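Report on the structure given below.
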Amino acid sequence: MSSQGEVPPSGRAGAKEWVGLLALALPLLLIAMDNNVLFLAVPHISADLGASSTQILWIQDIYTFMVAGFLITMGKLGDRIGRRKLLLLGAIAFGVASVLAALSVSAEMLIATRILLGVAGAALAPTCLSLVVTLFPDSTQRTSAIAVLMTCFMGGAALGPAVGGMLLQYFWWGSVFLMGVPVMLLTLLLGPLLLPEYKEERPGSLDFTSVGLSLAAAFPLIYGLKELANDGFRWNAVLAIAVGVVFAYVFVRRQNALESPLLDMRLFRLRSFSGALGTLLIGQLLMGGTLLMLAQYIQVVLGMEPIAAGLWMLLATVAMGAMAPIVPKLVVRIDKAVVIACGLTVATVGFLCFAFLSQDPSPVLLGAGMVLAFAGTAPLIMLAIDLVVGSAPTEKAGSAAAMSETSSQFGLALGVAALGSLGTVVYRSALEQNLPEGIPQEAAQAAQESVVAGAGAADGLSGDAAVQMTDAVFAAFTTGMNTVATAAAVLAPLAALVVFGLLRGVGQEEVSGEAEGRPQEADG
């Protein structure tokens, strides 16, 4: 093991380490904002660059593909060359790509810069989490630090539309990319001063065949899940998922045969590691589809501007942030599985609040749902991530953090595909029954695509027809959202039972010890 930087002799982090956490929180905040801010800029990009509908889809989706595809590779690379070094390189790449994206003169150039942004984002996310292990060797402090990072990530997701809306109101579309530059400059300034370096002493060679296999598995899987979410059951989506599964199987077989694998499969023999990954996937699945419907409900059905919608979504961050100091104290006395299961029970009540929302604004019901759903899922996300990165040997923390991010990515994609598809089916069925007679066929077909398209088609009509179609579209979408929320409320208690079975009895005694087949911890 090779490490630079000091941790207090007591093993507990001091003021410098907590300030250093800021250098890790900033990139995560930006990545979350970058995920959401682009949606607002799409109409401006399409008009200015003349991007086709296919090019717009690539501009939106390629970032997610690259992040998901390169997470495992970047986790291993950070362990190999140094986590702080990879963080700084990722920050430089993200800043440069942001400037190039803002100055793009064609759709093709913007797609290329989004590819670079995705690779840089994949370098930043697992590196931030793995450096937490180095900064905070004390398990209680580490849990608190991870809670802070996840709160910042949620804050970025909520603030993205609000900040993007303000920028687009006064500047051109490229300004939404430029906001990443000062954040990355601050990371480059603080990183060398506050963050310790860590890398494996004998990392072995980087297997490029495994890198290719990981990409060949991740790309079609994410593509297939996105297609299922957008268009429902289609053979091209099913075929893509099947191809991804085949490559994932080949990838796993190769890792088991390599002396220096890209991902050490022995980690999955640890119940704390594999159980936490499964728990994280379940939690993100529940939130993925619900958030997709809820965001559209707030902005389209309730007609809120991006700034107002962002402030409402900020309630989720406040709820999660409020749990950040509470969760670490709870798990000192209570089994982590019990804390997560109780949290999911609280989240169930939040989902039920969403199930009773209507077309008419109900601030109390909406606010209660936001607070309860996110406060309830906060222990799951915080503790599952903490278990994943904390259960791995120190020299494998980068790979463990990458798996944590990968599980989150696929959990969200699964949630959007499963619950989002359910909402779409219900929406289209309700719309077909309630759409008033006399609506032009083109408008009716547009409404079947999505609530956004339906609202746009209704705006193109006049008189009573516009009002009636708008009411029908919004009522159908609200019914779909209510159905998704009800499904989440049913699944959450079942998920609590599954999580209890996966993680019951998993505590610090397992995390700090060795399990059968576990790689040896490095000294230091």
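None of the values given here were measured: they were computed from a predicted structure. Note that these values count all heavy atoms, side chains included, but never hydrogens, waters or copies made by symmetry.
Annotation: side chain of L344 is not in contact with side chain of P493 (no heavy-atom distance under 4.5 Å). Contact annotation: the side chain of I241 never approaches that of P220 to less than 4.5 Å [non-hydrogen atoms, C-beta and beyond]. Considering only heavy atoms from C-beta on, V181 comes within 4.5 Å of V99 through its side chain. Put simply, the side chain of L129 does not reach to within 4.5 Å of the side chain of V388, judged on heavy atoms. Here the side chains of L225 and F410 are in contact, with some heavy-atom distance below 4.5 Å. Between S399 and I72 there is no side-chain heavy-atom pair separated by less than 4.5 Å. L131 places a side-chain heavy atom less than 4.5 Å from the side chain of L87. Side chains of V318 and F374 form no contact here, defined as non-hydrogen atoms less than 4.5 Å apart.
Pairing each heavy atom of A23 with each of G191, the nearest pair is CB-N, 4.4 Å. Considering all non-hydrogen atoms of both residues, T143 and P328 come closest at CG2-CG, 3.9 Å. The nearest pair of heavy atoms linking A120 to A93 is CB-CB, 3.9 Å. The two residues A402 and G75 come nearest to each other via the heavy atoms CB-CA, 3.9 Å. Closest approach of L178 and S98 over heavy atoms only: CD2-O, 4.4 Å. Of all non-hydrogen atoms in A495 and L286, the two that sit nearest each other are CB-CD1, 4.2 Å.
Side-chain atoms of S407 never come within 3.5 Å of backbone atoms of M403 as a donor-acceptor pair (strictly under, hydrogens ignored). Between the R114 side chain and the I59 main chain, a donor and an acceptor come within less than 3.5 Å of each other. In this structure a side-chain-to-backbone donor-acceptor pair under 3.5 Å is present from S104 to L100. Under the 3.5 Å distance criterion, the side-chain polar atoms of S175 are left unmatched by any main-chain donor or acceptor of F171. Between the side chain of T290 and the backbone N or O of M287 there is no donor-acceptor pair closer than 3.5 Å. For the pair R271 (side chain) and L502 (backbone), a donor-acceptor distance under 3.5 Å is present. Checked by atom type and distance alone, the side chain of E405 never pairs as donor or acceptor with a backbone atom of L71 at under 3.5 Å.
Note on ring orientation: taking the six-membered ring where Trp is involved, the planes of W18 and F136 are tilted (angle from 30° to 60°). Using bins of under 30°, 30° to 60° and over 60° for the plane-to-plane angle, the ring pair F273/F268 lands in the perpendicular bin. Ring pair W173/F177 is perpendicular by interplanar angle, where above 60° counts as perpendicular and below 30° as parallel.
D335 has no carboxylate O lying under 4.0 Å from a charged side-chain N of R504, or vice versa, which leaves the two without a salt bridge.
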*Begin with the C-alpha distance, continue with both residues' side-chain angles, and end with the deciding distance and a verdict on side chain to side chain contact (heavy atoms under 4.5 Å, CB included) for K329 and S144.*
CA-CA 9 Å; K329 295 179 181 178; S144 299; over 6 Å; no

*Would you sort out whether V498 and L494 count as a side chain to side chain contact (heavy atoms under 4.5 Å, CB included), showing the intermediate values?*
CA-CA 6 Å; V498 173; L494 298 176; 5.7 Å; no

*Please report the C-alpha distance between V183 and L29 in whole Å, then the side-chain angles of each, then the deciding distance to 0.1 Å, and finally whether the side chain to side chain contact (heavy atoms under 4.5 Å, CB included) criterion is met.*
CA-CA 9 Å; V183 173; L29 181 75; over 6 Å; no

*Assess whether side chain to side chain contact (heavy atoms under 4.5 Å, CB included) is satisfied between M184 and V96, documenting all intermediate values.*
CA-CA 10 Å; M184 290 308 167; V96 171; over 6 Å; no

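Under the side-chain hydrogen bond (donor to acceptor under 3.5 Å, both in side chains) criterion, S210 pairs with D207, Q255, not counting sequence neighbours.
One distance of note links CG of L103 with CG of L110; it measures 11.0 Å at 0.5 Å rounding. We find the CD1-CG distance between I146 and L383 to be 9.0 Å, quoted to the nearest 0.5 Å. Here the OG1 atom belonging to T279 is positioned 11.5 Å from the CD1 atom belonging to I381, to the nearest 0.5 angstrom. Note that the CG atom of L194 and the CG atom of L135 stand 9.0 Å from one another [nearest 0.5 Å]. Summarising the geometry, atom OG belonging to S214 is positioned 10.0 Å from atom CE belonging to M74; distances are rounded to the nearest 0.5 Å. Interatomic distance, L280 CG to D386 CG, rounded to the nearest 0.5 Å: 11.5 Å.
Other residues, nucleotides and ligands place more than 12 heavy atoms under 6.0 Å from the CZ atom of F65.
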